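Written out below as structure tokens is the structure these notes cover.
Each chain gets a letter, A, B and so on, in the order its sequence line appears, and its residues count up from 1. The shown structure was predicted, so the numbers you read here are calculated from the model rather than taken from an experiment.
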Number of protein chains: 2
Amino acid sequence: MSSPSKDRLRLWLRLLRLTRHVDGHLRDKLRVDFKTTLPRFDVMAALSRHPEGLKMSQLSGVLRVSNGNVTGIADRLADEGLVERVPVPGDRRAMTLRLTPAGNVEFARQANAHEGWINEMLSGISAADARAMAAQLIVVAQAAENKEKINDPSHA
Amino acid sequence: MSSPSKDRLRLWLRLLRLTRHVDGHLRDKLRVDFKTTLPRFDVMAALSRHPEGLKMSQLSGVLRVSNGNVTGIADRLADEGLVERVPVPGDRRAMTLRLTPAGNVEFARQANAHEGWINEMLSGISAADARAMAAQLIVVAQAAENKEKINDPSHA
DNA sequence: TAACAATATTTCAAGTGTCAAAAATTTCTT
DNA sequence: AAGAAATTTTTGACACTTGAAATATTGTTA
């Protein structure tokens, strides 16, 4: 009793189970070791990759979360002095969000620990397998994302 | 510049990207097509696999979410007549949650659509590859989960 | 230039999620 | 049997998340 559809469903459930497990562990570690959360870490990681800062809309685009979501997280990070809002010269609507020096220091600590946690949890995969699997996932993800554009009437 | 640790980190980021993509698409479809949410679907799916019902604590254990979380979701599903709380004979503290007949009918519709969505999004993977990848993920997940028990003092 | 559309962000309401503490009940111990 | 400890669930406070509505600004166009 098996079909391509069932096989893919089972793969999805496996995938979900693993990512939820790792995700949950990361949340725990971030909370206990750094008194922060995964969404906050994600925001800081995105800003860390863009030292010049990102506009709020760019940030929500990169993280693939809603606009309003980022507002609240940025508020709380700003309260703690880890990020700052900088006005955009030519456009008084927009704000650029970027890490403060303190934010940079703090994120470096967190990112280092983060890589260690992942390495430990995924130690069941060899480096070669990890590379192979990642390569395969790129193909899968592209297929999944293209699937949508085909059904997206905004391109008609 | 590559290391086993970086390879695994990259794999994790790929994994996360794909699951978030699929996850988001499922949420959209559930919302638009069925006016429901993924957590509600998850609860109903768990109950569907246990027709005799599950105690609240068992349910949160299966779903790996907190106790208090399930309370709220169960409340809303019960309001709509999709699940019902049944007292446990020997224990007046506990409640068994189970699908109502209406809930069963509704979940069957949703589960059918759900399998179709997954099949479509993961169509970039052949059935054979899906089976192979799922098998590999089982190993990875077990390694990840065992890793914790080793560090868990509750087994000392 | 006045009206209208588009863009950038915030605010709002509702649902989801966590943890910690409270409430109710059961079980263990003495 | 009384009291303490353990179990089961709910409640409360806070954070995250979304989609939609509200604000403010910029761009377009008649």
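In this structure, D79(A) does not pair ionically with R76(A), as no charged nitrogen and carboxylate oxygen lie closer than 4.0 Å. Note on D7(A) versus R10(A): salt bridge recorded, some NZ/NE/NH1/NH2 to OD/OE distance being below 4.0 Å. Ion pairing between K6(B) and E115(A) holds under the 4.0 Å rule for side-chain N and carboxylate O.
Between M56(A) atom CE and dT7(C) atom C1' there is a gap of 15 Å when expressed in whole angstrom units. Per the geometry, CZ belonging to R20(B) stands 12 Å off C1' belonging to dT17(D), to the nearest Å. Rounding to whole angstrom units, CG of residue L30(A) and P of dC19(C) are separated by 13 Å. For the pair D91(A) CG and dT7(C) P, the computed distance is 12 Å after rounding to whole Å. Look at NZ on K35(A): it is 15 Å from C1' on dT18(C), rounded to the nearest Å. In this structure, D79(A) places its CG atom 13 Å from C1' of dA15(D), rounding to the nearest Å. N67(B) has its CG atom 18 Å from the P atom of dA6(D), to the nearest Å. Between the P atom of dG15(C) and the CG atom of D42(B) lies a distance of 17 Å, rounded to the nearest Å.
Between K55(A) and the phosphate of dT9(C), there is no side-chain N or O to OP1/OP2 separation shorter than 4.0 Å. Between dC16(D) and T37(A), a contact under 4.0 Å exists linking OP1 or OP2 to a side-chain N or O. Close to dT18(D), at under 4.0 Å from its OP1 or OP2, lies no side-chain N or O of R31(B). At the phosphate of dT26(C), OP1 or OP2 sits under 4.0 Å from a side-chain N or O atom of R92(B). OP1 or OP2 of dT9(C) has at least one side-chain nitrogen or oxygen of S57(A) nearer than 4.0 Å.
Nucleic acid contact for R27(B): none, since no nucleic acid atom lies under 4.0 Å from a heavy atom of the residue. Residue-level contact check: R76(A) touches the backbone only, with heavy atoms under 4.0 Å from sugar-phosphate atoms and none from bases. Contact annotation for D28(B): backbone-only contact, meaning every heavy-atom pair under 4.0 Å involves sugar-phosphate atoms and none involves a base. Here N69(B) lies in heavy-atom contact (under 4.0 Å) with a base. Residue contacts shown for I73(A) are limited to sugar-phosphate atoms, with no base heavy atom under 4.0 Å away.
Distance from the side chain of A94(B) is smallest to dT8(D) among dA8(C), dT8(D), dC19(C).
In summary, the side chains of T100(B) and E84(B) do not present any donor paired with an acceptor at a separation below 3.5 Å, with no hydrogens or angles considered.
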Exercise. Is there a side chain to side chain contact (heavy atoms under 4.5 Å, CB included) between M133(A) and L137(B) once you walk through the steps?
Worked result: CA-CA 10 Å; M133(A) 219 168 184; L137(B) 284 176; 3.6 Å; yes
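One can find a donor-acceptor pair under 3.5 Å joining the base of dT25(D) and the side-chain atoms of R93(A).
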